[in-house]
Number of protein chains: 2
Amino acid sequence: MNEQFIWKLRKVVGTQFVLLSAEDLICYGYDAQHVEHRPEAVVRPANADEVQEIIRLANEDGVACTPRGAGTGLSGGSVASHGGFILDLCRMNRLLDIDRENLLATVEPGVVTADLHKAVEAVGLMYPPDPGSMKVSTIGGNVAENAGGLRAIKYGVTKDYIMALEGVSPTGEFFTAGARTMKSVSGYDLARLMCGSEGTLGVFTKIVLKLIPLPKHRRSALASFPTMEDAARAVSGIISAGIMPATLEIMDNVTVKAVEEFKGLGLPTDAGALLLLEVDGAQSQVEEESSQAAEIMKEHKASNVQVAADADERDRIWEGRRAALAALTRVRPTTVLEDATVPRSALAEMVHAVNEIAERHSLMIGTFGHAGDGNLHPTILTDERDHEEMARVEQAIDEIFEVALKLGGTVSGEHGIGFSKARYLPAEMGEGRMNMMRAIKIALDPKGILNPGKVFE
Amino acid sequence: MNEQFIWKLRKVVGTQFVLLSAEDLICYGYDAQHVEHRPEAVVRPANADEVQEIIRLANEDGVACTPRGAGTGLSGGSVASHGGFILDLCRMNRLLDIDRENLLATVEPGVVTADLHKAVEAVGLMYPPDPGSMKVSTIGGNVAENAGGLRAIKYGVTKDYIMALEGVSPTGEFFTAGARTMKSVSGYDLARLMCGSEGTLGVFTKIVLKLIPLPKHRRSALASFPTMEDAARAVSGIISAGIMPATLEIMDNVTVKAVEEFKGLGLPTDAGALLLLEVDGAQSQVEEESSQAAEIMKEHKASNVQVAADADERDRIWEGRRAALAALTRVRPTTVLEDATVPRSALAEMVHAVNEIAERHSLMIGTFGHAGDGNLHPTILTDERDHEEMARVEQAIDEIFEVALKLGGTVSGEHGIGFSKARYLPAEMGEGRMNMMRAIKIALDPKGILNPGKVFE
């Protein structure tokens, strides 16, 4: 990236929106995964036309362009690992429309997820995806990474809510994808192809999302179990009984203790595991399902099933879960958060394997996550300055992924591949799928300028 | 396609499974749209290995291969419009697994949709997509065309239930797509790209579908309206009130009369339009929503709102709707069924436009469809032997699509593009999207052997 290219970028967005100072470049050098890759510049376009011009320039000159929202990702998807510039889309943050008749929200990519939640809930609607970083993360980033969250078990993930897109292709062409209609089979489903493509196939400039009516009632409960395996078996029992909670989360003893120390919420620190559950819907359904779920948990050795009596108690239950990652990061200097996901029937087996791996490598692993989705976040608490320990950490991660795949799972439930998991991807995909994916990438981005080094090694 | 190629096919599947007689080729020359394109041969593989060998041969020799399920499509997707052979997947019809813990069904492509419904309902689960042809159509065809149906308003369409695939690429390579886990962001979403690709990007040999718990209660209602516009406005009213019926269907007077004459169900033949509705879920929700919906319909000029008192009454309501297309085909020799879809808020406008187009061209159009999705099926009742009238039919279809697109809609809600709508597609897609789609097609199928002439003109 030479001086002349910088001048071209300045001409498109204005000098003040091309950042070059070390302070800025350091900030944009990280995502939530804490591996630094400093970009050569940061460009902050104001609208779709500017995005198009920037990508055209990048494609002409063969300069790497890494699209970025709030940078809350956990797999390096939004850092410029292969040089070039960051395309920061946060200035494009208008919530353009909430269409109550068609249950659609139209947003620019820089809208913050929680802001969208608030806006649609104010008119009795709901946008279900609720990634852990939702107070900071942007919708554009959520779509690029196909963000999940706590409500995925009942409501699905971002790709289940993406209706239509406008964007710019890697060669600088405007494109549309999807439709504003509930049904459409016109052409290939490019909207879903873009969702989860991690900024490698296109940059979004406008996003149309599906909304649903806000459930009228909800009820939360918390239960202690002697072991993680018991809790995992209770999860299977609940789902098999035809109950579909809005949220069904698990925390192991390491995590519970860390949260309690951090927040002092009165959690049972002697529990081997906690399950946190919320059901929602019509009043009678909520009552029926919560008491049925409580019964099933008791049958699976749960002691101390607390059903939240009011909003305060409910908030306290979820405050603990939301604080899990932050609490674990306080325990030791370095936190390595993983995202292996298995079919939910394999949850108990997975939990057992993670514990076994932790013991064998003498590592401290706190495990929490979306039990109802089989989406665990085994979090290794370590110290990156200790090279010997870090070698064991690497080994443990390899083994965790290996087990997840053996159990019919995936190496990433919701954090994406980015660059940090690219080397694990072929084992999951197989050769045929890798070849098809590569063919699509090359077809749409022949010069390889859009987010190089991500997804593919 | 020469004699030698036929011999190669015979070697793969056995002589009896390569059909060449005129009687067979005529049968495979049609889908439900009734335009004949006789294939040169029909090949009926028994398993994935045979599928792979066949596609390898086709790719080597550059012979066109058209995958086909039950041939119930309505846009010509499964007929060999560009010569070559039909790849009939109906022998691969094993229901391999119903996984109750993970709520997944694994099937071969030739499983009949209604058979899957029965099998999963027997264990208290539900596979929601219910296309009109479900008693005959296959899951493979449903996935290829992203089939919709009556329950899409609440439960979505086939692409909302496709979890994972195994298949063969156009170059004859095995591939997998998707995951068996509820969450996965590993690599591009090829499963959703394949869903709705109309047999142009790959052939499926195994399909994993998401299931949901079967709703415990349901209630149906039927209401008469003075005009289609009144009924359409009632639809918007119901959705805006936060009610999400499982099904919300509309029939115009032409359709009601045709159904009544065909079936004698006691439908109100003087009604300008009927709405047919079903809500499902927990008991109290069903009661609350059905009475609230009835109130809203009355506010929108509905007379005679009948709530089904028992299963018999319920069945009678839906028998009428299910018979709509068959009833209309009895009125005149030729039926041209369209599939234009608009955002549901534009339903009244669309209905008005279709009526105006019918009048202006002196055509008889019966309109029915999935009002809750904005997915109408304006059905032109005509006679293909009358060339002058057919010219007016063509004109009317052009105008219907034009209005649908102007209202923010799509040229196909659920029937696909096939070859019959390929010429309308660019107007909806725009240049950028057509270019991306073409690039993907060429990247995955460089010789263009898989279902040529479909989707792209």
Side-chain angles (χ1 to χ4, degrees), chain A residues 100-102 124 145-146 148 152 157 169 173-177 179-190 192-193 196-197 213 236 240 242 244 282-285 341-345 373-375 408-414 416-417 425 428-430 432-433 435-437 439-440 443-444, chain B residues 100-102 124 145-146 148 152 157 169 173-177 179-190 192-193 196-197 213 236 240 242 244 282-285 341-345 373-375 408-414 416-417 425 428-430 432-433 435-437 439-440 443-444:
Chain A
R100 295 170 67 174
E101 256 187 303
N102 294 305
E145 296 294 322
N146 186 20
V157 296
S169 77
E173 218 180 348
F174 280 126
F175 71 92
T176 61
R180 292 176 64 86
T181 54
M182 293 308 298
K183 285 175 175 170
S184 175
V185 280
S186 290
Y188 300 155
D189 192 350
L190 297 185
R192 310 272 181 131
L193 179 65
S197 67
S236 290
S240 298
M244 193 54 86
Q283 181 73 43
S284 70
Q285 181 193 353
T341 302
V342 293
R344 52 191 159 217
S345 64
D373 311 319
N375 180 197
T410 174
V411 299
S412 180
E414 55 182 10
I417 300 301
L425 193 60
E428 179 178 343
M429 302 284 104
R433 188 156 160 196
N435 288 344
M436 288 177 103
M437 285 170 45
I440 291 170
L444 299 186
Chain B
R100 295 170 69 174
E101 254 188 305
N102 294 305
E145 296 294 322
N146 185 19
V157 296
S169 77
E173 216 179 351
F174 280 126
F175 71 91
T176 61
R180 292 177 64 86
T181 54
M182 293 307 297
K183 286 175 173 169
S184 174
V185 281
S186 290
Y188 300 155
D189 192 349
L190 296 185
R192 310 273 180 128
L193 179 65
S197 67
S236 291
S240 297
M244 194 54 86
Q283 181 73 44
S284 70
Q285 180 193 355
T341 302
V342 293
R344 52 190 160 218
S345 64
D373 312 319
N375 181 197
T410 175
V411 299
S412 180
E414 55 183 9
I417 300 302
L425 193 61
E428 179 178 344
M429 301 285 103
R433 188 157 159 195
N435 288 344
M436 288 177 103
M437 284 169 46
I440 291 170
L444 299 186

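Naming convention: chains lettered A, B, ... in sequence-line order (proteins, then strands); numbering from 1 in each chain. Values reported hereafter were calculated over all heavy atoms of this structure, with side chains retained and with hydrogens, waters and symmetry mates removed.
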Using non-hydrogen atoms only, which part of [X] is less than 4.5 Å away from chain A: side chain, backbone, both, or neither?
X: Val342(B); answer: backbone
X: Glu173(B); answer: side chain
X: Ala282(B); answer: side chain
X: Phe174(B); answer: backbone

If you look at every heavy atom in [X] and [Y], which pair is closest and at what distance?
X: Glu145(B); Y: Val185(A); result: O-CG1, 3.1 Å
X: Phe175(A); Y: Met436(B); result: CG-SD, 3.4 Å
X: Ile417(A); Y: Gly187(B); result: CG1-N, 3.9 Å
X: Met437(A); Y: Tyr188(B); result: O-CE1, 3.6 Å
X: Leu444(B); Y: Ala439(A); result: CD2-CB, 4.1 Å

Which of the residues [options] is involved in the greatest number of heavy-atom pairs with chain A at under 4.5 angstrom?
options: Gly432(B), Gly416(B), Gly413(B); result: Gly413(B)
options: Ser240(B), Pro213(B), Pro343(B); result: Pro343(B)
options: Leu193(B), Thr410(B), Leu425(B), Asn146(B); result: Thr410(B)

Heavy-atom pairs under 4.5 Å with chain B are the metric here; pick the option from [options] that has the most.
options: Gly409(A), Gly374(A), Ala177(A), Ser169(A); answer: Ala177(A)
options: Ala443(A), Gly408(A), Gly430(A); answer: Ala443(A)
options: Met182(A), Arg192(A), Glu428(A); answer: Arg192(A)
options: Gly196(A), Ala179(A), Ser197(A); answer: Ser197(A)
options: Val411(A), Val157(A), Asn435(A); answer: Asn435(A)

Problem set entry | Side-chain heavy atoms of Gln283(A) within contact of Ser284(B), under 4.5 Å | no
For this session: Report yes if some heavy atom in the side chain of Leu190(A) is under 4.5 Å from a heavy atom in the side chain of Ile440(B); otherwise report no.
Result: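 The answer is yes; the side chains approach within 4.5 Å.
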Exercise. Nearest 0.5 Å, what's the NZ-CG distance between Lys183(A) and Asp373(B)?
Worked result: 4.0 Å
Exercise. Non-hydrogen atoms of chain B under 4.5 Å away: do they reach the side chain of Met244(A), the backbone, both or neither?
Worked result: side chain
For this session: Select one option (side chain, backbone, both, neither) describing which atoms of Asn375(A) are under 4.5 Å from chain B's heavy atoms.
Result: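 Just its side chain gets close to chain B.
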Exercise. Could you go step by step and tell me if Met429(A) and Ser186(B) meet the side chain to side chain contact (heavy atoms under 4.5 Å, CB included) rule?
Worked result: CA-CA 8 Å; Met429(A) 302 284 104; Ser186(B) 290; 3.7 Å; yes
